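Structure first, then comments.
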Amino acid sequence: LVGELTVLRKIVDAGVPLIFALEAWAGPQDAVQDFEIGTGSIEVKTTISAAGFPVKIGSLKQLDDSVRQPIFLAGVRLRQGETGQNLAEVVADIRDIAAGEAEATRLLNERLIASGYIETHADRYIRRFTLIETRFLEVKDSFPRLTLGNVPLGVIEAAYQIDLDKTEDPNILTADALKKLGAI
């Protein structure tokens with residue numbers, strides 16, 4: 001959830017109005033990708049690994065661009081430690097942005113509940129994270145991925161990992177990704 005909220009904040013900071021960014025945040029509603037924005041989508045993957053940049057892909061559909069195009073993978077690298085923010089503080093920062101916008105506040109709370117965030121347990125979210133890096137990578141034909149269209153006949157489901165440090169795809173600025181998506 002910290003990774004998705006980090007990307008939500010980056011989307012807003014790049015110029016997408018908060019209400020539109022919250023409407024696009026579809027992951028909590030069991031969508032295939034975390035953000036369905038513009039003509040495409042953004043799949044968020046978060047790691048706390050210090051070695052490489054491993055991300056777990058949960059299905060053959062997550063990086064499949066046969067329905068929505070383009071797809072971007074947003075890799076969020078966090079460091080867990082004594083400093084940084086806990087989940088409740090990250091949520092509080094987003095709530096501060098939504099303050100004064102009733103519909104944005106309602107949507108944010110709805111998405112947080114759907115994500116499993118429980119306000120009454122805020123004091124239990126004690127792990128602290130520092131943002132190290134965020135990468136936006138466009139998922140094109142050359143991107144290392146498995147989809148229903150490129151696995152052997154009979155394979156209907158798979159979960160796998162990609163090390164983003166070993167891909168040759170360039171990191172794209174958040175605003176440039178949003179422009180390609182038609183969101184700004």
Side-chain angles (χ1 to χ4, degrees), residues 1-47 49 52-78 94 97 103-104 107-108 110-112 114-115 131-184:
L1 185 56
V2 172
E4 288 182 33
L5 292 171
T6 298
V7 171
L8 175 66
R9 178 68 186 261
K10 287 195 162 294
I11 290 169
V12 171
D13 288 349
V16 174
L18 179 60
I19 191 75
F20 296 126
L22 287 167
E23 288 171 346
W25 185 21
Q29 298 172 306
D30 295 325
V32 175
Q33 287 95 19
D34 295 307
F35 290 88
E36 294 177 349
I37 188 164
T39 60
S41 44
I42 300 170
E43 177 60 27
V44 179
K45 296 297 177 185
T46 307
T47 187
S49 176
F53 200 139
V55 297
K56 295 178 183 178
I57 310 300
S59 79
L60 296 174
K61 296 177 183 174
Q62 281 190 322
L63 299 181
D64 188 347
D65 60 357
S66 63
V67 176
R68 297 183 66 87
Q69 295 176 355
I71 291 180
F72 287 88
L73 189 149
V76 178
R77 185 194 310 256
L78 303 172
I94 299 291
I97 296 169
E103 183 61 11
L107 270 174
L108 176 59
E110 177 184 285
R111 298 299 196 267
L112 288 170
S115 294
L131 177 63
I132 303 300
E133 173 183 12
T134 304
R135 293 184 193 175
F136 277 81
L137 305 170
E138 187 171 1
V139 178
K140 296 180 179 180
D141 289 339
S142 62
F143 193 85
R145 63 180 168 153
L146 300 176
T147 66
L148 282 172
N150 70 8
V151 295
L153 186 63
V155 175
I156 58 170
E157 192 57 55
Y160 58 100
Q161 290 189 37
I162 300 171
D163 186 343
L164 298 183
D165 278 347
K166 294 183 179 173
T167 67
E168 296 180 5
D169 299 277
N171 185 27
I172 298 171
L173 296 173
T174 307
D176 290 341
L178 292 168
K179 286 175 188 171
K180 280 191 165 192
L181 287 162
I184 56 172

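Values reported hereafter were calculated over all heavy atoms of this structure, with side chains retained and with hydrogens, waters and symmetry mates removed. What you are looking at is a predicted structure, and each value in this text was computed from that prediction instead of being measured. Nothing fancy with the numbering, it's 1 onward along the sequence.
Arg68 places none of its side-chain heavy atoms less than 4.5 Å from the side chain of Thr39. The shortest distance between side-chain heavy atoms of Leu181 and Pro70 falls below 4.5 Å. In this structure, the side chains of Val76 and Val7 come closer than 4.5 Å at one or more pairs of heavy atoms. The shortest side-chain heavy-atom distance between Glu138 and Ile71 does not fall under the 4.5 Å cut-off. Between Leu73 and Leu164 the shortest side-chain heavy-atom distance falls below 4.5 Å. Proximity of Pro144 to Lys166: side-chain heavy atoms (C-beta onward) are nowhere separated by under 4.5 Å. Side-chain contact between Ile37 and Ile11 is present, with at least one heavy-atom pair separated by less than 4.5 Å.
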Start with the C-alpha distance between Leu131 and Leu78, add both sets of side-chain angles, then the distance that settles side-chain contact (heavy atoms from CB on, under 4.5 Å), and finish with yes or no. CA-CA 5 Å; Leu131 177 63; Leu78 303 172; 4.0 Å; yes

I would like to know whether Gln161 and Val55 meet side-chain contact (heavy atoms from CB on, under 4.5 Å); could you show each step before the answer? CA-CA 5 Å; Gln161 290 189 37; Val55 297; over 6 Å; no

Run the salt bridge (charged side-chain N to carboxylate O under 4.0 Å, His left out) check on Lys61 and Asp65 step by step: do they pass? CA-CA 8 Å; Lys61 296 177 183 174; Asp65 60 357; over 6 Å; no

Arg9 vs Asp13, salt bridge (charged side-chain N to carboxylate O under 4.0 Å, His left out): CA-CA, chis, key distance, verdict: CA-CA 6 Å; Arg9 178 68 186 261; Asp13 288 349; 3.3 Å; yes

side-chain contact (heavy atoms from CB on, under 4.5 Å), that's the test. Do Val155 and Leu60 meet it? Break it down for me. CA-CA 10 Å; Val155 175; Leu60 296 174; 4.3 Å; yes

Just do the side-chain contact (heavy atoms from CB on, under 4.5 Å) check on Phe136 and Asp176 with the steps written out, would you? CA-CA 9 Å; Phe136 277 81; Asp176 290 341; over 6 Å; no

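Of the inter-residue distances, the one linking Ser59 atom OG with Ile156 atom CD1 reads 12.0 Å to the nearest 0.5 angstrom. Atoms CG and CD1, from Asp34 and Ile42 in turn, are 9.0 Å apart once rounded to the nearest 0.5 Å. Distance check, rounded to the nearest 0.5 Å: NZ of Lys10 to CG of Leu173 gives 9.5 Å. Note: Arg145 CZ to Thr167 OG1 = 13.0 Å, rounded to the nearest 0.5 Å. Annotation: the span from Leu137 atom CG to Phe72 atom CZ amounts to 9.5 Å, rounded to 0.5 Å. Here the CG atom belonging to Leu148 is positioned 7.5 Å from the CD atom belonging to Glu157, to the nearest 0.5 angstrom.
Counting only distance, with no hydrogens or angles, the side chain of Asp64 and the backbone of Thr147 share no donor-acceptor pair below 3.5 Å. Checking side-chain atoms of Tyr160 against main-chain N and O of Lys56 turns up no donor-acceptor pair under 3.5 Å. Remark: side-chain polar atoms of Arg77 are not paired, donor with acceptor, to backbone N or O of Thr134 under 3.5 angstrom. Within the 3.5 Å criterion, the main-chain N or O of Ala14 finds no donor-acceptor partner in the side chain of Thr174.
Minimum interatomic distance between Trp25 and Arg111 (heavy atoms only, all atoms of both residues): O-NE, 2.8 Å. When all heavy atoms of Ile162 and Phe143 are compared, the closest pair comes out as CD1-CE2, 3.9 Å. In this structure, Leu8 and Ala21 approach most closely via the heavy-atom pair CD1-CB, 3.6 Å. A pairwise comparison of heavy atoms in Ala104 and Leu18 identifies CB-CD2, 3.9 Å as the closest pair. Scanning both residues, Phe53 and Gly75, for their nearest heavy atoms gives CZ-C, 3.5 Å. Closest heavy-atom contact between Gln33 and Leu63: NE2-N, 4.5 Å.
Side-chain atoms of Gln62 and Glu43 form a donor-acceptor pair, as typed in the model, at a separation below 3.5 Å.
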